[in-house]
Amino acid sequence: MENLSFDERLFLLLNFDGGAVLDSCMSAISGTAMWIPLYLFIAWKVQRRYGWRSLAAFIVCLALAMSLADMLCGIFKHTGLLKSLWESFPARNRPMFDPAVRDLAHVVSFAHGPYGTVSAHAATTAALGLLSALTIRERWYSWAITFIVLLISYSRIYLACHFPQDIALGLGVGLISGWAMYLLWRKLDILLKNS
């Protein structure tokens with residue numbers, strides 16, 4: 001343990017065996033299906049506040065924000081469309097495959113690619129969270145979506161898919177992507193309202 005980095009020690013502090021029920025819960029939280037009602041709720045809130053045309057622009061910008069976040073993360077994991085952009089970058093193993101911690105980690109499933117930096121889950125959910133919070137502009141929603149983003153991000157540590165540093169970098173990428181697409185959505189929304 002004394003030879004481990006701060007990030008590795010923090011990972012081991014946050015990663016533990018919570019039993020079959022918590023394993024199933026964290027796997028579901030980390031998945032997509034359980035969040036479909038949230039996506040529908042976001043669409044309903046945006047349509048109700050801004051109208052159908054603005055919702056269409058929002059959906060386009062949301063898809064762009066999440067795609068951009070995912071592609072940027074792929075640069076560092078050597079996956080996706082931009083995987084060859086920085087081939088010399090030394091990709092970092094997921095905790096489940098990292099020799100320093102793999103024998104100490106609680107791993108729910110090994111059905112993942114070998115590399116974890118930067119977390120695409122954290123990036124895409126942060127992009128969704130920021131873009132939707134800035135668009136919906138209700139305090140309770142901002143708090144709720146922040147909690148959801150952090151919960152999904154933590155589930156990736158629990159499942160031994162990412163180190164905390166991977167999550168932090170992913171959140172940063174997602175916030176930048178979400179902010180950029182929010183600015184685009186505002187411009188599109190003004191164009192739609194003036195047409």
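Computation of the quantities below employed the complete heavy-atom set of this structure, encompassing side-chain atoms and omitting hydrogens, waters and symmetry-equivalent molecules. What you see is a predicted model, and the numbers here were worked out from it, not measured in a lab.
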Looking only at heavy atoms, what is the nearest atom pair of P99 and N93, with distance?
CD-ND2, 4.1 Å
Y39-L151 co-clustered via ILVMFWY side chain contacts under 4.5 Å
yes
Is the number of heavy atoms from other residues, nucleotides or ligands under 6.0 Å of W52 CH2 greater than 12?
no
Look only at the side chain of Y115 and the backbone of G74, and say whether a donor-acceptor pair between them is shorter than 3.5 Å.
no
Could you note down all residue pairs passing salt bridge (charged side-chain N to carboxylate O under 4.0 Å, His left out) where residues 146-174 supplies at least one of them, sequence neighbours left out?
R92-D166
Please tell me whether W35 and F41 form a close aromatic pair, meaning their ring centres lie under 6.0 Å apart.
no
Please lay out, stage by stage, how V101 and F11 fare under the test side chain to side chain contact (heavy atoms under 4.5 Å, CB included).
CA-CA 9 Å; V101 298; F11 164 77; 4.2 Å; yes
Quick one: do L171 and S153 satisfy side chain to side chain contact (heavy atoms under 4.5 Å, CB included)? Show the steps, please.
CA-CA 8 Å; L171 292 172; S153 295; 3.7 Å; yes
Hey, are the side chains of M34 and I29 touching, using non-hydrogen atoms and a 4.5 Å cut-off?
yes
Test of understanding: clusters of I, L, V, M, F, W, Y form through side-chain heavy atoms closer than 4.5 Å, transitively. Do L184 and L192 belong to the same one?
no
CG-CE distance between L131 and M66, expressed to the nearest 0.5 angstrom:
10.0 Å
Give the C-alpha distance, both sets of side-chain angles, the deciding distance and a yes or no for salt bridge (charged side-chain N to carboxylate O under 4.0 Å, His left out) between R94 and D98.
CA-CA 6 Å; R94 293 182 186 275; D98 189 299; over 6 Å; no
More than 12 foreign heavy atoms under 6.0 Å from CZ of R186: is that the case here?
no
Carefully, step by step, assess Y50 and W185 under the rule side chain to side chain contact (heavy atoms under 4.5 Å, CB included).
CA-CA 12 Å; Y50 300 100; W185 176 79; 3.7 Å; yes
Restricting to non-hydrogen atoms, name the atom on T117 and the atom on K77 that form the minimum distance, rounded to 0.1 Å.
O-CG, 2.8 Å
Donor-acceptor contact below 3.5 Å, side chain S155 vs main chain I152
yes
Output for pair (L134 CG, I145 CD1), nearest 0.5 Å, gives 11.5 Å
Can you tell me how far apart CZ (F16) and CG (L14) are? Round to the nearest 0.5 Å.
9.0 Å
Answer yes or no: is there a side-chain heavy-atom contact under 4.5 Å between I148 and T125?
no
From L55 atom CG to I59 atom CD1, the distance as rounded to the nearest 0.5 Å:
4.0 Å
For K193, is there any backbone N or O sitting under 3.5 Å from a side-chain donor or acceptor partner on R53?
no
Applying side chain to side chain contact (heavy atoms under 4.5 Å, CB included), run through F163 and L10 and close with a yes or a no.
CA-CA 8 Å; F163 288 101; L10 182 58; over 6 Å; no
Whether the side chain of N15 engages the backbone of I157 through a donor-acceptor N/O pair (distance < 3.5 Å, no angle test) should be reported.
yes
Looking at A65 and S177, what are the two nearest heavy atoms and their distance?
O-CB, 3.6 Å
So, do M26 and Y154 sit near enough that their side-chain heavy atoms are less than 4.5 Å apart?
yes
How are the rings of F89 and H78 set to each other: parallel, tilted or perpendicular (split at 30° and 60°)?
tilted
Is Y158 atom OH crowded by more than 12 heavy atoms from other residues, nucleotides or ligands, each under 6.0 Å away?
yes
Please report the interatomic distance NE2(H121) to CG(L159), rounded to the nearest 0.5 Å.
8.5 Å
Check whether any side-chain heavy atom of L13 sits under 4.5 Å from a side-chain heavy atom of R9, and report yes or no.
no
Linking directly or through intermediates, with side-chain heavy atoms under 4.5 Å: list the remaining ILVMFWY members grouped with F97, chain and number order.
M96, V107, F110
Might you point out which heavy atoms bring S119 and A122 nearest each other, and give the distance in Å?
OG-N, 3.1 Å
Give me each pair satisfying salt bridge (charged side-chain N to carboxylate O under 4.0 Å, His left out) with a member in residues 124-145, each pair once, sequence neighbours excluded.
K45-E138
Tell me whether W44 at atom CH2 has more than 12 heavy atoms from other residues, nucleotides or ligands lying less than 6.0 Å away.
yes
Check L175 against A126 and note the closest heavy-atom contact, atom names and distance.
N-CB, 4.1 Å
Would you say L38 ends up clustered with L62 if hydrophobic residues are merged whenever their side chains have heavy atoms under 4.5 Å apart, either directly or through other cluster members?
yes
I136 and V46, any side-chain heavy atoms less than 4.5 Å apart
yes
Joint cluster assignment, L85 & V118, ILVMFWY side-chain distance < 4.5 Å
yes
Test item: S30 side-chain N/O and S27 main-chain N/O as donor-acceptor pair under 3.5 Å:
no
Is there a path of hydrophobic side-chain contacts, each under 4.5 Å between heavy atoms of I, L, V, M, F, W or Y residues, that connects I176 with W86?
no
Working to the nearest 0.5 Å, report the span between CG of L82 and CE of M71.
5.5 Å
Quick one: closest heavy-atom pair of D7 and P164, and the distance?
OD1-CD, 3.3 Å
